[in-house]
Amino acid sequence: VQLQASGGGLVQAGGSLRLSCAASERTFSTYSMGWFRQAPGKEREFVAAIRWNDGVTLHADSVKGRFTISRDNAKITVYLQMNSLTPEDSAIYSCAARPGTLVTVSGLYDYWGQGTLVTVSS
């Protein structure tokens with residue numbers, strides 16, 4: 001099982017980016033997928049998660065109303081649309097997967113993709 005994250009980059013404050021996380025196999029239909037981020041010197045932080053089979057989502061308070069997680073079943077891909085970005089959103093963003101329901105604890109995710117760097121300039 002592999003996850004491939006992409007879409008990071010440099011953007012000005014107030015701008016938008018869309019991150020993608022492509023899964024390697026369709027067994028993810030019974031999984032939940034999450035996005036986490038880690039800024040330099042800080043702990044890994046939950047951002048958002050989606051339950052694959054019914055699309056139920058969960059967003060951290062810090063990104064609610066600005067970020068949206070979604071999925072594309074045909075492409076076996078999860079997206080994180082990030083709007084109204086601020087310098088505080090700068091971090092390495094990683095996607096993860098776990099069987100079962102949504103959780104916000106990174107240690108409960110079994111599979112991880114490589115991170116993609118998001119840098120927001122002021």
Side-chain angles (χ1 to χ4, degrees):
V1 175
Q2 293 184 334
L3 302 173
Q4 181 72 38
S6 61
L10 174 64
V11 64
Q12 288 188 331
S16 298
L17 280 175
R18 189 178 77 160
L19 305 183
S20 300
C21 178
S24 61
E25 56 187 74
R26 295 193 177 277
T27 53
F28 280 106
S29 62
T30 60
Y31 279 53
S32 291
M33 306 283 288
W35 283 99
F36 291 81
R37 66 186 182 185
Q38 188 167 20
K42 295 187 177 181
E43 293 187 354
R44 182 179 284 169
E45 175 188 21
F46 169 78
V47 177
I50 187 166
R51 197 160 59 198
W52 198 278
N53 61 349
D54 59 9
V56 171
T57 62
L58 184 65
H59 294 81
D61 287 343
S62 60
V63 306
K64 206 170 287 184
R66 301 188 299 123
F67 292 11
T68 303
I69 190 171
S70 62
R71 77 207 190 295
D72 184 321
N73 289 334
K75 297 181 179 179
I76 329 174
T77 299
V78 171
Y79 302 100
L80 185 68
Q81 178 66 45
M82 305 186 297
N83 299 327
S84 302
L85 286 160
T86 72
E88 289 69 36
D89 295 316
S90 297
I92 295 175
Y93 285 71
S94 301
C95 60
R98 69 181 302 274
T101 195
L102 304 173
V103 297
T104 63
V105 178
S106 61
L108 296 179
Y109 283 79
D110 298 316
Y111 305 99
W112 289 83
Q114 90 292 357
T116 185
L117 178 63
V118 172
T119 304
V120 184
S121 62
S122 57

Pairs involving residues 104-122, ordered by first then second residue, that meet side chain to side chain donor-acceptor pair (under 3.5 Å) (sequence neighbours left out): none
Using a side-chain heavy atom cutoff under 4.5 Å and only I, L, V, M, F, W and Y, what cluster partners does Leu117 have? Ile92
Of all residues at least two apart in sequence or in a different chain, which pass the side chain to side chain donor-acceptor pair (under 3.5 Å) check with Ser24? none
So side chain to side chain donor-acceptor pair (under 3.5 Å) across residues 82-99, not counting sequence neighbours, yields Ser16-Asn83, Arg37-Asp89, Arg37-Tyr93, Arg66-Asp89, Gln81-Asn83, Thr86-Glu88, Thr86-Asp89
Please report the shortest heavy-atom distance between Ile76 and Trp52, naming the atom on each side. C-CH2, 3.6 Å
Determine which pairs satisfy disulfide bond (SG atoms under 2.5 Å apart) with at least one residue from residues 31-71, sequence neighbours left out, and list them in order. none
About how many Å separate CG of Leu80 and CE of Met33, when rounded to the nearest 0.5 Å? 12.0 Å
Of all heavy-atom pairs between Val11 and Leu17, which one has the smallest distance, and what is that distance? CG1-CD1, 4.0 Å
If a pair satisfies ring-ring contact (aromatic ring centres under 6.0 Å, His included) and one of its residues is in residues 57-92, list it, with sequence neighbours excluded. none
Taking salt bridge (Lys or Arg N to Asp or Glu O under 4.0 Å) as the definition, give me every residue that meets it alongside Lys64, ordered by chain and number, with sequence neighbours left out. Asp61
Qualifying disulfide bond (SG atoms under 2.5 Å apart) pairs with a residue from residues 40-93, counting only residues at least two apart or across chains: none
In short, disulfide bond (SG atoms under 2.5 Å apart) pairs touching residues 66-122 with sequence neighbours left out are Cys21-Cys95
Go through the structure and list residues passing ring pair (Phe, Tyr, Trp, His ring centres under 6.0 Å) with Phe46, not counting sequence neighbours. Phe36
Contact list for residues 67-86, test salt bridge (Lys or Arg N to Asp or Glu O under 4.0 Å), sequence neighbours left out: none
